[in-house]
Structure formats: structure tokens, C-alpha cells
Chemist: 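Below are the C-alpha cells for one structure; questions will follow.
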2 protein chains.
Amino acid sequence: MLKIDLDTKVKFLHGFSHKTRVEILECIKDNEKTVSQIVEDIQGSQSNISQHLACLKGCGLIVGRQEGKYVYYGLRNQKIRELLTMFDVVLEDVEKDVACCENHLD
Amino acid sequence: MLKIDLDTKVKFLHGFSHKTRVEILECIKDNEKTVSQIVEDIQGSQSNISQHLACLKGCGLIVGRQEGKYVYYGLRNQKIRELLTMFDVVLEDVEKDVACCENHLD
DNA sequence: AAAACATATTAGAAATATCTAATATGAAGG
DNA sequence: CCTTCATATTAGATATTTCTAATATGTTTT
């Protein structure tokens with residue numbers, strides 16, 4: 001059990017903190033895609049998506065693989081995929097919880 | 001299997017996107033604490049911590065329970081705790097991966 | 001009821017993140 | 001080579017988040 005540095009963890013988690021990045025992650029969750037496919041899927045601008053991809057890569061969440069003039073991006077590993085799945089599971093729980101307690105998320 | 005709304009998910013994930021908030025979560029991971037205990041543990045200002053606690057509550061990650069003049073904050077449920085644990089597991093994986101590939105996190 | 005304590009809220013300043021638009025790089029095809 | 005296509009990078013404008021300092025709320029203690 002390695003000791004995880006707090007700053008590293010924060011940087012890692014930062015990857016999940018923007019709508020576009022979450023969309024990208026979900027969009028490539030099951031199979032890698034080229035930048036242009038991602039741009040089309042989530043209807044963003046090329047430059048913007050490219051920047052978010054760089055961010056996700058920097059956070060350690062995705063990897064890019066060049067093939068000719070295309071670059072394919074996919075999740076870095078299986079554990080990241082499991083984490084994405086877990087977000088949904090946990091959120092369902094939270095939502096049920098919140099609904100039954102009459103509290104609100106904001 | 002409920003369908004999780006993207007905006008709800010993004011809001012939820014936003015809770016993890018700041019160093020102080022991650023510190024708070026880790027600090028109350030095993031048992032709930034009062035605001036002043038948290039302030040002391042992570043060496044922040046009362047006002048600042050209070051604002052981050054409000055944020056975490058809004059994101060659905062923690063719950064507060066008043067007892068006399070104290071307010072105890074703890075993780076909302078067990079699943080959130082598992083998620084925090086999973087972050088460490090995934091990060092270890094990523095770090096090993098990154099180390100062996102000679103890429104960097106930034 | 002006043003004082004002391006714990007926490008929350010607010011406003012505005014300061015710091016950071018994001019987006020847009022333009023340009024750069026680099027590979028493939030003619 | 002020159003063009004086209006896919007992607008990356010940059011700079012500056014804009015938007016958002018965070019912090020600090022001051023004040024407010026609510027509870028206990030005296």
C-alpha cells in the first residue's frame with residue numbers, strides 16, 4: 001500500500017471537475033476514439049476539446065495513441081473505468097438518500 | 001439502475017476538486033468531527049473551512065448534525081467512504097503505470 | 001440578559017480556470 | 001513539394017472559484 005501524495009490526488013481528481021471532461025470520459029469509456037470523433041460526439045470546439053484532453057492526460061486519466069494522422073484517446077486503465085462506474089452507483093445512492101430525507105443537493 | 005443526470009454528476013464530482021475539500025473528506029473519513037476539530041486538523045481558517053463544508057454538503061458528500069453548539073460533519077454514507085478508498089487504489093495503479101511508462105502527470 | 005463560544009454568511013478582492021480565435025505542427029495524399 | 005486534414009498550442013478576454021475580513025446567527029454559560 002503506497003502512500004498517495006495529497007497534491008497528486010488533488011491533481012488526479014481535478015480531471016473529473018468539469019462538465020466537458022466528464023463528458024469526454026463517458027464518451028470514451030467503452031472504447032477509444034479519435035479527437036474528431038469526440039469533438040463530434042459531444043459537440044465541442046476542436047481547440048477546447050483538445051485542451052481538455054491535454055488536461056485529462058495530465059491528470060493521468062487517459063492515454064493517447066497516435067495512428068497516422070489520428071490520435072486515439074482511451075481511459076488509462078481498467079481501474080479508471082471501474083471508478084467511472086462507481087460514480088454512478090454512489091450517485092444513485094446519494095440521490096435516493098437525498099430524496100428520502102427531503103434535503104436538496106443545493 | 002437509475003439514469004444519472006450529467007449536471008448532477010458534475011456537481012457531485014465538483015466536491016472532490018479542491019485540496020481543502022479533499023483534506024476535509026479524509027479528515028472525517030473514519031469518524032465525524034466538529035467544525036473546530038476540522039479547522040484545527042487541517043489548519044485552515046474558520047470561515048474558509050465553513051464555506052468548503054457548505055460546498056461538500058451541497059455536493060451531497062457529507063452531512064451535518066447539530067449537537068448543542070457544535071455541528072458534527074461526517075461522510076454522507078458508506079459508499080462515499082468506499083469511493084474515497086477507491087481513489088487511493090486507482091491512484092496507486094496510475095502511479096505505477098506512469099512510473100513504468102516514463103510519462104509524467106504533467 | 002450579557003458574555004463567550006461555535007458556526008454560518010456576506011461582500012469584495014485576488015487567484016484560477018475556461019473559452020475563443022488565431023496560429024502552429026505534423027502526417028498523408030496528390 | 002504543396003495541399004489538406006487532424007490535432008496541438010498560444011494569447012488574451014471572460015468567467016468562475018476561492019480567500020480574507022467583517023459581521024451575523026444561534027447556543028451555552030454565567
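What you are looking at is a predicted structure, and each value in this text was computed from that prediction instead of being measured. Proteins get letters first, then strands, A, B, ... in listed order; numbering begins at 1 in each.
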Chemist: Any chance you could lay out the side chain to side chain contact (heavy atoms under 4.5 Å, CB included) test for B:I24 and B:Y73, step after step, and finish with the verdict?
Modeler: CA-CA 10 Å; B:I24 291 174; B:Y73 282 100; over 6 Å; no
Chemist: It should be established whether B:H52 places a side-chain nitrogen or oxygen under 4.0 Å from OP1 or OP2 of nucleotide D:dC19.
Modeler: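 The answer is yes; a side-chain N or O of B:H52 sits under 4.0 Å from OP1 or OP2.
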Chemist: Mark yes or no for whether B:N77, through its side chain, and B:I80, through its backbone, hold a donor-acceptor pair below 3.5 Å.
Modeler: yes
Chemist: Distance check needed: D:dT7 C1' versus A:K57 NZ, whole Å only.
Modeler: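 It works out to 11 Å between those atoms.
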Chemist: In sequence, state the C-alpha distance, the side-chain angles, and the governing distance for B:V71 and B:Q66, and then conclude on side chain to side chain contact (heavy atoms under 4.5 Å, CB included).
Modeler: CA-CA 4 Å; B:V71 178; B:Q66 181 136 17; 4.2 Å; yes
Chemist: For A:Q37 and D:dC5, what is the distance between atoms CD and C1' respectively, to the nearest whole Å?
Modeler: 15 Å
Chemist: Given side chain to side chain contact (heavy atoms under 4.5 Å, CB included), test B:K9 with A:D88 step by step and report yes or no.
Modeler: CA-CA 8 Å; B:K9 187 186 291 192; A:D88 290 326; 2.8 Å; yes
Chemist: Using a 4.0 Å heavy-atom cut-off, write out nucleotides 25-30 of chain D from 5' to 3' as B (base contacted by protein), S (sugar-phosphate only) or - (no contact).
Modeler: --SS--
Chemist: Can you tell me how far the CG atom of A:L25 sits from the NE2 atom of A:H18, to the nearest 0.5 Å?
Modeler: 12.5 Å
Chemist: Does B:H18 have a side-chain nitrogen or oxygen under 4.0 Å from the phosphate oxygens OP1 or OP2 of D:dC19?
Modeler: yes
Chemist: Taking DNA chain D as the partner, which of residues 38-50 of chain A come within under 4.0 angstrom of it by heavy atom?
Modeler: A:Q46, A:S47, A:S50
Chemist: Just the endpoints, please: which first and last nucleotides of DNA chain C, 5' to 3', lie under 4.0 Å from a heavy atom of chain A?
Modeler: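 Extent of the interface on DNA chain C: C:dT18 to C:dA28.
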Chemist: Does A:Y72 reach a base, just sugar-phosphate, or nothing at all? Heavy atoms under 4.0 Å.
Modeler: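 The residue A:Y72 makes no contact with any strand.
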Chemist: If hydrophobic clusters are built from ILVMFWY residues whose side chains come within less than 4.5 Å, do B:I49 and B:Y70 share one?
Modeler: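 No, it is not one cluster - the side chains of B:I49 and B:Y70 are not joined through contacts under 4.5 Å.
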Chemist: Does a donor on one side chain sit under 3.5 Å from an acceptor on the other, for A:S47 and A:Q51?
Modeler: yes
Chemist: Provide, to the nearest angstrom, the distance between the CG atom belonging to A:L53 and the C1' atom belonging to D:dA6.
Modeler: 13 Å
Chemist: Taking all non-hydrogen atoms of both residues, which atom of B:L61 and which atom of B:F16 are closest, and how far apart?
Modeler: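 Smallest interatomic distance, heavy atoms only, reads CD2-CZ, 3.6 Å.
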Chemist: Just the rounded figure in Å: distance from P of D:dA6 to OH of A:Y70.
Modeler: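 Answer to the nearest Å: 5 Å.
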Chemist: Can you check the B:K11 NZ to D:dT17 P distance for me, whole Å?
Modeler: 11 Å
Chemist: Looking at every heavy atom in both A:C27 and A:K33, which two are closest together, and how far apart are they?
Modeler: O-NZ, 3.0 Å
Chemist: Where do A:T20 and A:H52 come nearest, in terms of heavy atoms and distance?
Modeler: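 Looks like CG2-CD2, 3.6 Å.
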Chemist: Applying side chain to side chain contact (heavy atoms under 4.5 Å, CB included), run through A:Y72 and A:I28 and close with a yes or a no.
Modeler: CA-CA 10 Å; A:Y72 286 85; A:I28 64 177; over 6 Å; no
